[in-house]
Amino acid sequence: RRSSDLTTKTLQHKQYYINLFKNNDIDKNEIYSLTKEINDLLHFRFGMKNLYHRMIFTACALVVERFGGNLEKIKDNGFNVFRNKIYDTLSKSLESHRQQNLKIEVLLEVYSEIKMNIPENQNYINSFIDNVIEISNSINSDNWNGEDVMGIFFNEFNRYKKKSENGQIFTPEHITSFMYDLLEVNHNDKVLDATCGSGGFLVKAMAKMLKEVGGVNTNEAEDIKKNKLYGIEFDREIFALACANMLIHKDGKSNLEQLDTREDNAWDWINSKEITKVLMNPPYERGYGCKKIVENVLDSVSGIKKYIEKKENEKKGKNYLIEYVKNIKCAFILPDKKIEKEMKSLLKHHTLEMIIKLPEKLFDVGVTTSIFVFEAGKPQNNKEIFACYIEDDGLERVKNQGRHDIKNKWNDIAKYWLNVIKKKKDEKYNTHQWLNPEEHLSYQVPKTEFELYEEDFIKTIFNYTMFENNIDTKELKEKYIEDNLYK
């Protein structure tokens, strides 16, 4: 017996009902354990130092296994047979997907360019194959809930990344799910992520849509995979990762394009897709043009740019806006303050409805972030902005695995904040605010009142006196502990 939310309300083919009785839940801890073994093998035995190359190589092997490549049969056959098998099977697997997405060829090209040492011991190749097969079995589940395999890879493979490398930021899985619910996305929507990275938002959207229609084996599933998910990624290697990620989940037909979202050709592509919802976490660095990315997406999904051009050329009246401009809900994760001044110009044609400040420990990049919810194609006109602050998401750090919901707190936390956003009032923590767009475009954290205690004064006097007498405070502390605690 299965819960009603996993079953469809429409008549399906026989295999769908047979699959309902299978018990193949996803074991994320097992995937982490296997990924660690793969990471160590590729780094130390295959000599593969590039983070993304390790991810792409593993992802390609997973795609091959998921499409029936049967890697088990090529164990003990040497390195060349192993590497060629992945390429040949990958090439054949992509044949049926090339017609809709010619750019998927990039995955094969990037795989061919990966350089590595030939392992001296066949056992290393065999171990890699065994681990890939086990991961494939773990994610081949009807209970898959959008767990982002690339996110798991990134958390683990990132352990050996050099400090000088500029890796991208992967959006945590619980936040991609929260943003899907925040915009009330459903399986009838067309979802865009125009800086999709490895495809985390698209994978989560696919999983939640499939759950809504009854699962991956329903008749509606094919339409979701083929017509509801759209992604753009500029970086060639990250684009290859996105292709691999979708293929791992048996979705090679995704509408993925390798474009620069800041340019006109991306605007034209997005505008032609009739997008209904946008979920994004664009790059924050100024060199990537974060504000320009957001502006181009808002303009393209709403059609406001076309409206402005036609209005100027044809001199039509106010009704022209109603006829040609679409009001589309868009959610972006952006830095709290970094581009606040730049964003004001967006409000001429688009409304910033909400700002949901995220926990400050969410990302390890020294930047605090919020979810900015826009309604594209509708001017702000000084409309106030609702804001609130999710100070804690309940997740805890696990060594070498990032932050995880080990105490299962997030589900209740998410429900509470979605209710706050719906009611526009935070009764428990009193964090809600209404912002004047002329004054602020970020959540205003209340300033803590300055307090001075007698202990602070005494400590300062002591420190200054020791400084005057050339006393090393560190040595003094160590001597004090040694004399008074251990002796």
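The residues of the chain are indexed from 1 along the displayed sequence.
Under the 3.5 Å distance criterion, with hydrogens and angles disregarded, a donor-acceptor pair is assigned to the side chains of Ser442 and Glu340. If you check the side chains of Ser136 and Glu134, you find no donor sitting under 3.5 Å from an acceptor. Residues Tyr284 and Asn281 have side chains that bring a donor and an acceptor to within less than 3.5 angstrom of each other. Donor-acceptor pairing under 3.5 Å is lacking for the side chains of Asp426 and Asn430.
Checked against the 6.0 Å centroid threshold, Tyr111 and Phe57 count as a close aromatic pair. Taking the six-membered ring for Trp, Phe372 and Phe332 have ring centres at least 6.0 Å apart. The ring of Trp410 has its center closer than 6.0 angstrom to the ring center of Phe178.
A donor-acceptor distance shorter than 3.5 angstrom exists from the side chain of Thr351 to the backbone of Lys378, with no hydrogens or angles considered. Panel note: side chain Thr35, backbone Ile31; a donor-acceptor pair is recorded below 3.5 Å.
Salt bridge Arg236/Glu233: absent, no basic N to carboxylate O contact under 4.0 Å.
Applying the side chain to side chain contact (heavy atoms under 4.5 Å, CB included) rule to Lys425 yields the partners Glu427, His432; only residues at least two apart in sequence or on another chain are considered.
Around the CZ atom of Phe234, the shell of radius 6.0 Å holds no more than 12 heavy atoms that belong to other residues, nucleotides or ligands.
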*Does the side-chain hydrogen bond (donor to acceptor under 3.5 Å, both in side chains) test come out yes or no for His174 and Asp393, once each step is laid out?*
CA-CA 9 Å; His174 67 299; Asp393 58 5; 3.1 Å; yes
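Classified by interplanar angle (parallel below 30°, tilted 30° to 60°, perpendicular above 60°), the ring pair Tyr429/Trp417 is parallel.
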